[in-house]
Amino acid sequence: MEKPFRALVSGVLLFGLGGASAVADDPGRALLEKRCGRCHGLAAEAESHLKAAPNLWETLRSYPTERLEFELAEGIGSRHPAMPQIQFTSEEIALVKAYLQIE
Ligand code: HEC
């Protein structure tokens with residue numbers, strides 16, 4: 001009796017947390033999830049695992065496109081000692097931009 005109920009509840013929660021614009025199998029989202037998700041919240045209003053890390057949906061979308069591309073290519077982490085330096089290829093940047101709905 002209890003198990004199916006729990007599955008239903010977590011299904012509803014996952015659906016709700018995903019948000020309208022963030023499809024779970026979006027390749028750009030998957031990239032960010034894998035590389036940044038252990039510290040940063042990704043979807044709009046998702047909480048970050050690491051309190052100091054800002055929500056990426058808001059932070060990355062607030063950057064002008066050129067800056068975003070530059071930062072992803074160069075590795076944003078260079079300025080933040082707590083953050084590993086992770087560099088994206090141009091294909092990966094295109095996926096991330098598609099996920100963030102940036103032209
Ligand atoms: C090990 C944890 C960790 C990982 C992994 C991580 N970050 Fe961060 N990130 C942080 C923390 C902590 C801060 C806040 C640092 C500060 O304010 O000094 C931060 C800050 C940022 C900022 C704000 C920079 C600014 O100048 O305000 C951006 C953008 C960012 N991270 C993007 C990313 C991206 C993109 C990834 C994945 C490629 C990523 N982070 C992976 C911990 C992490």
Side-chain angles (χ1 to χ4, degrees):
M1 196 56 189
E2 206 194 339
K3 259 198 182 152
F5 177 66
R6 239 194 262 156
L8 179 67
V9 169
S10 52
V12 169
L13 274 179
L14 279 178
F15 186 76
L17 289 174
S21 52
V23 186
D25 59 3
D26 181 289
R29 181 192 168 112
L31 269 177
L32 291 177
E33 194 88 64
K34 194 163 137 227
R35 296 178 182 175
C36 328
R38 71 192 153 101
C39 302
H40 289 274
L42 286 186
E45 289 164 43
E47 287 224 13
S48 297
H49 296 284
L50 203 65
K51 275 230 159 68
N55 175 286
L56 283 189
W57 180 263
E58 280 151 32
T59 308
L60 296 181
R61 279 170 56 96
S62 75
Y63 287 0
T65 307
E66 281 108 72
R67 176 167 172 208
L68 177 68
E69 287 170 351
F70 177 79
E71 301 251 359
L72 289 176
E74 294 297 314
I76 293 171
S78 50
R79 272 180 295 123
H80 296 282
M83 216 171 93
Q85 187 163 356
I86 302 163
Q87 290 168 302
F88 289 72
T89 65
S90 45
E91 291 80 26
E92 290 169 339
I93 292 173
L95 293 175
V96 168
K97 278 166 60 190
Y99 166 60
L100 295 171
Q101 298 169 9
I102 292 171
E103 285 303 305

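Both ligands and their constituent atoms are indexed starting at 1 by order of listing. Residue numbers run from 1 in the order of the sequence given.
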K.L.:
Look at the side-chain heavy atoms of Ile, Leu, Val, Met, Phe, Trp and Tyr, link any pair under 4.5 Å apart, and say whether Phe70 and Leu60 land in one connected group.
P.N.:
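As far as the 4.5 Å side-chain criterion goes, Leu60 and Phe70 are not connected within one cluster.
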
K.L.:
Counting only heavy atoms, tell me which of Gly37, Cys36, Ala53 gets closest to atom 38 (C) of ligand 1.
P.N.:
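Heavy atom nearest to atom 38 (C) of ligand 1 belongs to Cys36.
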
K.L.:
Under 4.0 Å from any heavy atom of Cys39, which atoms of ligand 1 are there?
P.N.:
1 (C), 2 (C), 3 (C), 4 (C), 5 (C), 42 (C), 43 (C)

K.L.:
Between Arg38 and Glu33, does any side-chain N to carboxylate O distance fall below 4.0 Å?
P.N.:
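No.
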
K.L.:
Just so I know, are the side chains of Leu100 and Trp57 near enough to count as touching, which here means a heavy-atom distance under 4.5 Å?
P.N.:
yes

K.L.:
Relative to atom 23 (C) of ligand 1, which among Pro84, Ser62, Ala52, Pro54 owns the nearest non-hydrogen atom?
P.N.:
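The option holding the nearest heavy atom is Pro54.
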
K.L.:
Just distances here: any N/O of Arg67 and N/O of ligand 1 closer than 3.5 Å?
P.N.:
no

K.L.:
Identify, by atom number and element, the atoms of ligand 1 in contact range of Phe88, meaning under 4.0 Å from any of its heavy atoms.
P.N.:
38 (C)

K.L.:
Kindly indicate whether a cation-pi arrangement holds for Arg67 with Tyr63, taking the cut-offs as under 6.0 Å to the six-membered ring centre and within 45° of the axis.
P.N.:
yes

K.L.:
Could you state the interatomic distance from NE2 (His49) to NE2 (His40), rounded to the nearest 0.5 Å?
P.N.:
11.0 Å

K.L.:
What part of Glu71, side chain from CB on, backbone N/CA/C/O, both or neither, has a heavy atom under 4.0 Å from ligand 1?
P.N.:
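Under 4.0 Å from ligand 1, Glu71 contributes no heavy atoms.
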
